[in-house]
Enquirer: 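Provided herewith is a single structure, encoded as structure tokens, for subsequent inquiry.
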Amino acid sequence: MNDILITAPLPDFLKQPLLATYACHDYHGAADKAGLLAAVGTKIVGLVQGGGSLAPVELLDRLPNLKIISVFGVGYDGVPVDYCRGRGIKVGHTPDVLTDDVADVALALTLTLSRQFHLANRYVQAGDWPRRPLPLSTSVTGKTAGILGLGRIGKAIARRLEACGMKVGYHGRAAQTVPYTYYPTLSGMADAVDFLIVACPGGPATKNMVNAEVLAALGAQGKIVNIARGSIIDEAAMIKALQAGTLGGAGLDVFANEPHVPAELLAMDNVVLFPHVGSATKETRKAMGDLTLANLAAYFAGKALVKLIPELQ
Ligand code: NAP
């Protein structure tokens, strides 16, 4: 049996097949992590982690025979890709199967922010309907959305927003052949749109890319939606802009220091907060689990990974 290190809490539908197929070592749950590494580190050939979890170089250095990391998620910003390339470690992930569910969350955040469904729900549940009118909200129809990162999820978001009668633009490192307006700069796009929707990968290249200047360009009527990674937005600058009224609102599924959410955001009415639920449906998580297993199985069968990350192809 091949020895596998598990560094994240996993659902049963993924954990049980792993336990049945491999000699699994629970690094995430281990009280004595150093002791576990000392005991089994040299035997480990595979590692399973979550999309948001980290595989620090210091940990990987303790696993000299590691051959494959299988990420239970599409985002692999927690994996040191250059280091893995240098050691010949394969990295698998789970793109495509979660695209529609994540795009649905972006749509939900956009609609909720604009139509204030969170306040409408709170109003009815608080028994306020017979007592006072609910202020009018803002239509999304005819408004403009700019998508940062028009990839698999970004395109699925674009289709949904178009169906709502919104105009769509995008920013990425290059223009694509798509029926949407390309903005060569992020600030230029933020200046032109009503909604800025973040859908690019996390990691060093995009850290704090949505900074104070971009938020100022989005402006007092502008709203930001983030379903990608908390690291992409300068969270302190966003909070400052929301407090000052120079940013109109924020719909966030992801945060810089999950599961901890800055206290300032909790009390704001123009903010909608989700606990990283982009792919959190039974159907999608099962499909992600199957792909996580398939990547491992392919490696140990001597075949190409089903979904190898692009940088290692
Ligand atoms: P994808 O298909 O690889 O798309 C990423 C897009 O981002 C590409 O179009 C790319 O376009 C753009 N991009 C990459 N680097 C960039 C940079 N430095 N500056 C500007 N744009 C950049 O990935 P995906 O499947 O759509 O997933 C996107 C991200 O969503 C994942 O990486 C993950 O972090 C996040 N996610 C979140 C959840 C959740 O639960 N909330 C679930 C799944 C995924 P160019 O190459 O043209 O720049």
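Start at 1 and go down the list; that is how both ligands and their atoms are numbered.
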Enquirer: Below 4.5 Å, heavy atoms only, C-beta onward: do T7 and L59 meet side chain to side chain?
Expert: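 Yes - at least one pair of side-chain heavy atoms lies under 4.5 Å apart.
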Enquirer: Do F300 and T21 have side chains that get closer than 4.5 Å, going by heavy atoms?
Expert: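 In short, these two side chains do not touch, never coming nearer than 4.5 Å.
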Enquirer: Classify the angle between the aromatic ring planes of H171 and Y182 as parallel (below 30°), tilted (30 to 60°) or perpendicular (above 60°).
Expert: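 It falls in the parallel class, under 30°.
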Enquirer: For atom 26 (O) of ligand 1, grab the closest protein heavy atom and report residue, atom and distance to one decimal in Å.
Expert: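 Going atom by atom, the protein heavy atom closest to atom 26 (O) of ligand 1 ends up being I153 N, 2.8 Å.
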Enquirer: For M268 and Q243, run side chain to side chain contact (heavy atoms under 4.5 Å, CB included): C-alpha distance rounded to whole Å, both residues' side-chain angles, the deciding distance at 0.1 Å, then the answer.
Expert: CA-CA 9 Å; M268 293 179 179; Q243 285 172 331; 3.6 Å; yes
Enquirer: Among protein heavy atoms, which lies nearest atom 38 (C) of ligand 1, and at what distance?
Expert: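 Closest protein heavy atom to atom 38 (C) of ligand 1: I227 O, 3.6 Å.
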Enquirer: Should T99 be counted as touching ligand 1, given the test is an N or O pair under 3.5 Å?
Expert: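 Such a contact does not occur with ligand 1.
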Enquirer: Short list, please: which atoms of ligand 1 are under 4.0 Å from a heavy atom of G172?
Expert: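 The list of qualifying atoms is 20 (C), 21 (N), 48 (O).
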Enquirer: Please list, in number order, the atoms of ligand 1 under 4.0 Å from a heavy atom of S279.
Expert: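 Contacts of ligand 1 toward S279, numbered from 1: 40 (O).
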Enquirer: Please say whether L148 places an N or O atom under 3.5 Å from an N or O atom belonging to ligand 1.
Expert: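 N/O-N/O distance under 3.5 Å: no.
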Enquirer: Out of all atoms in ligand 1, which are within 4.0 Å of some heavy atom of T206? Include the element for each.
Expert: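 That gives atoms 17 (C), 18 (N) of ligand 1.
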Enquirer: Output a table of donor-acceptor pairs, distance under 3.5 Å, between side-chain atoms of residues 254-262 and any protein atom two or more places apart or on a different chain; print 'none' if there are none.
Expert:
residue	atom	partner	partner atom	Å
E258	OE1	H276	ND1	2.7
E258	OE2	F255	N	2.8
E258	OE2	H276	ND1	3.3

Enquirer: Among all the protein's heavy atoms, is there at least one whose distance to atom 11 (O) of ligand 1 comes out below 4.0 Å?
Expert: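 Looking at atom 11 (O) of ligand 1, one finds that no protein heavy atom lies closer than 4.0 Å.
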Enquirer: Which residue holds the protein heavy atom closest to atom 16 (C) of ligand 1, what is that atom called, and what is the gap in Å?
Expert: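 Its nearest protein heavy-atom neighbour is R173 NE, 3.6 Å.
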Enquirer: Does A250 have any side-chain contact (heavy atoms from CB on, under 4.5 Å) partners at least two apart in sequence or in another chain, and if so, which?
Expert: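 Testing A250 for side-chain contact (heavy atoms from CB on, under 4.5 Å), a comparison that skips the adjacent residues, returns I224, M238, L242, L252, V271.
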Enquirer: Checking a contact table here: which protein heavy atom is nearest atom 42 (C) of ligand 1, and how many Å away?
Expert: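 For atom 42 (C) of ligand 1, the nearest protein heavy atom comes out as V102 CG2, 3.3 Å.
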Enquirer: Do other residues, nucleotides or ligands put more than 12 heavy atoms under 6.0 Å from the CZ atom of R152?
Expert: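 Enclosed.
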Enquirer: Identify the closest protein heavy atom to atom 31 (C) of ligand 1: which residue and atom is it, and at what distance?
Expert: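 Here the closest protein heavy atom is V74 CG1, 3.9 Å.
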Enquirer: Could you tell me the residue and atom name of the protein heavy atom closest to atom 32 (O) of ligand 1, and the distance to it rounded to 0.1 Å?
Expert: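 That would be P201 CA, 3.4 Å.
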Enquirer: For ligand 1, which atoms have a heavy atom of A199 less than 4.0 angstrom away?
Expert: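 Every atom of ligand 1 under 4.0 Å from some heavy atom of A199: 28 (C).
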Enquirer: Of all the atoms in ligand 1, which lie at a distance below 4.0 Å from a heavy atom belonging to A228?
Expert: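 Heavy-atom distances to A228 below 4.0 Å select 34 (O), 35 (C), 37 (C).
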Enquirer: Look only at interatomic distance and state if H171 has a nitrogen or oxygen under 3.5 Å from any nitrogen or oxygen of ligand 1.
Expert: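 Such a contact does not occur with ligand 1.
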Enquirer: Taking only heavy atoms of R229, which atoms of ligand 1 are found under 4.0 Å from at least one of them?
Expert: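 Numbered from 1, ligand 1 contributes 33 (C), 34 (O), 37 (C).
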Enquirer: With heavy atoms of A174 as the reference, note each atom of ligand 1 found under 4.0 Å away.
Expert: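 Those qualifying, in numeric order: 47 (O).
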Enquirer: Judged by non-hydrogen atoms, does K155 sit under 4.0 Å from ligand 1?
Expert: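 K155: no contact with ligand 1 (<4.0 Å).
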Enquirer: Considering non-hydrogen atoms only, spot the tightest contact between M166 and V140 and give its length.
Expert: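 That closest heavy-atom pairing would be CG-O, 3.3 Å.
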Enquirer: Short list, please: which atoms of ligand 1 are under 4.0 Å from a heavy atom of H276?
Expert: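 Once the distances to H276 are compared, the set is 39 (C), 40 (O), 41 (N).
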Enquirer: Nearest 0.5 Å, what's the CD1-CD1 distance between I4 and I69?
Expert: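 Answer for the CD1-CD1 pair, I4 versus I69, is 11.0 Å.
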Enquirer: Regarding R160 and D100, does a basic nitrogen lie under 4.0 Å from an acidic carboxylate oxygen?
Expert: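 Yes, this pair counts.
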Enquirer: Which protein non-hydrogen atom lies closest to atom 4 (O) of ligand 1, naming both residue and atom, and how far is it?
Expert: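 Of every protein heavy atom, G151 CA, 3.2 Å lies nearest to atom 4 (O) of ligand 1.
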Enquirer: Among all protein heavy atoms, pick out the one at the shortest distance from atom 1 (P) of ligand 1; state its residue, atom name and that distance to 0.1 Å.
Expert: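 Minimum-distance protein heavy atom for atom 1 (P) of ligand 1 reads R152 NH2, 3.6 Å.
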Enquirer: Quick one: which of G230, A205, C200, G75 has a heavy atom closest to atom 29 (C) of ligand 1?
Expert: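 When every heavy atom of G230, A205, C200, G75 is considered, C200 comes closest to atom 29 (C) of ligand 1.
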Enquirer: Considering only heavy atoms from C-beta outward, does the side chain of D82 approach that of R85 to under 4.5 Å?
Expert: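 Touching, per the 4.5 Å side-chain cut-off.
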Enquirer: Which one of T99, D101, T94 satisfies the side-chain hydrogen bond (donor to acceptor under 3.5 Å, both in side chains) criterion with T284?
Expert: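 Between T284 and the candidates, side-chain hydrogen bond (donor to acceptor under 3.5 Å, both in side chains) is satisfied uniquely by D101.
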Enquirer: Show, in sequence, the C-alpha distance, side-chain angles and deciding distance for Q176 and Y170, and conclude whether the side-chain hydrogen bond (donor to acceptor under 3.5 Å, both in side chains) test is met.
Expert: CA-CA 10 Å; Q176 305 182 37; Y170 69 101; 5.4 Å; no
